[in-house]
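Note sheet for the following structure.
Naming convention: chains lettered A, B, ... in sequence-line order (proteins, then strands); numbering from 1 in each chain. Just so it is clear, the values below take in all heavy atoms, side chains as well, and ignore hydrogens, waters and symmetry mates.
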Amino acid sequence: DAKTTQPPSMDCAEGRAANLPCNHSTISGNEYVYWYRQIHSQGPQYIIHGLKNNETNEMASLIITEDRKSSTLILPHATLRDTAVYYCIVGETGANNLFFGTGTRLTVIP
Amino acid sequence: GAVVSQHPSWVICKSGTSVKIECRSLDFQATTMFWYRQFPKQSLMLMATSNEGSKATYEQGVEKDKFLINHASLTLSTLTVTSAHPEDSSFYICSARGVVEGAGTQYFGPGTRLLVL
């Protein structure tokens, strides 16, 4: 069952920031927000996760709203290699079933 | 860190044969491993969850006698597709999760593409 909603596709100019939104209005207090991406014909790649605070790592930043009902993944300087399907997933600690849904297909344009 | 490998990366086999796919966590001990399947233009679907030293738990609709899973060590899980048929052709992906600390993130292998003729 989908717990998140994402736009099906987005374009972003190379070198610009890519902001990928995700709605998760039914998220519960002990559920994390995970972001993965899948480049064509490869396994999903973990990007970042968070509970309620904003998070940043070498790949991206995750901004979670105060009510936790939505979040935004930010790729600060998109490159052509960032073209992929991005999945926003919510789940409890150690949740077995990561429901991938349909994700957002991000296309970075030269 | 958190590297997961799969072997083979692709395999072509005749209908009726069995195919074994290996999944290894290279730099951490995976207490739990997961097997997913992805058909063209579809999302990943969880097939089964395995914990080291115990029987796998299969998702509804996945035949346990057809998809044999063994998780004999903390770094290796295998999926055997027995008597493979063309409809089993798919992209098989494993993931591994270490000791559940914090979020218990899953890390994925590169996938194995199976084509059954």
Side-chain angles (χ1 to χ4, degrees), chain A residues 1-6 8-9 22 24 27-55 57-60 62 64 68 71 73 84-105, chain B residues 1-7 9-10 21 23-25 28 30-51 54 56-62 90-115:
Chain A
D1 294 333
K3 293 184 178 181
T4 65
T5 55
Q6 299 176 252
S9 64
C22 179
H24 31 79
I27 191 170
S28 61
N30 58 348
E31 288 185 314
Y32 287 79
V33 179
Y34 301 87
W35 282 84
Y36 287 82
R37 71 180 183 184
Q38 187 176 25
I39 296 170
H40 183 62
S41 295
Q42 297 183 23
Q45 178 188 22
Y46 165 77
I47 301 173
I48 200 167
H49 73 273
L51 184 61
K52 51 185 176 182
N53 297 323
N54 296 337
E55 302 288 344
N57 62 21
E58 65 278 5
M59 290 183 66
L62 173 61
I64 303 174
R68 301 186 71 237
S71 61
L73 178 74
V85 179
Y86 287 76
Y87 297 97
C88 168
I89 302 166
V90 297
E92 297 180 6
T93 298
N96 285 345
N97 195 353
L98 294 183
F99 182 79
F100 276 78
T102 54
T104 296
R105 182 173 296 279
Chain B
V3 178
V4 177
S5 70
Q6 279 185 244
H7 178 80
S9 56
W10 58 270
I21 303 169
C23 176
R24 294 181 185 274
S25 58
F28 67 103
T31 52
T32 306
M33 287 185 167
F34 307 86
W35 288 95
Y36 293 78
R37 181 167 54 181
Q38 185 176 32
F39 292 106
K41 298 187 178 181
Q42 294 185 24
S43 193
L44 282 77
M45 294 298 295
L46 180 67
M47 298 176 66
T49 302
S50 71
N51 292 293
S54 62
T57 301
Y58 291 81
E59 296 299 303
Q60 190 173 8
V62 178
S90 189
F91 191 44
Y92 291 86
I93 309 168
C94 72
S95 71
R97 186 178 69 206
V99 175
V100 179
E101 296 176 352
T105 303
Q106 292 185 29
Y107 296 93
F108 287 81
T112 297
R113 195 164 298 281
L114 171 64
L115 177 61

**Complete:** Nearest heavy-atom contact between B:Phe91 and A:Ser41 is CZ-O, 3.7 Å
**Fill in**
Bottom line for B:Gln38: the part with an atom under 4.5 Å from chain A's heavy atoms is side chain
**Asked** Of all heavy-atom pairs between B:Leu44 and A:Pro44, which one has the smallest distance, and what is that distance?
**Response** CD2-CG, 3.6 Å
**Residue part contacting chain B, namely of A:Gln38, when any heavy atom lies under 4.5 Å** = side chain
**Asked** Where do A:Gly101 and B:Ser43 come nearest, in terms of heavy atoms and distance?
**Response** O-OG, 2.5 Å
**Message:** A:Tyr46: which residues meet the ring pair (Phe, Tyr, Trp, His ring centres under 6.0 Å) condition with it, sequence neighbours left out?
**Reply:** A:Tyr36, A:His49, B:Tyr107
**Message:** Does atom CZ (A:Arg105) have a neighbourhood of more than 12 heavy atoms from anything else shown, all under 6.0 Å?
**Reply:** no
**Item:** Atom CE of A:Met59 with >12 non-hydrogen neighbours under 6.0 angstrom
**Value:** yes
**Item:** Ring centre gap for B:Phe34 and A:Phe100 strictly below 6.0 Å
**Value:** no
**Under the ring pair (Phe, Tyr, Trp, His ring centres under 6.0 Å) test, residues paired with A:Tyr86 that sit two or more places apart** = none
**Message:** Let me confirm one number: the CD-OH distance from B:Gln106 to A:Tyr34, rounded to the nearest 0.5 Å.
**Reply:** 8.0 Å
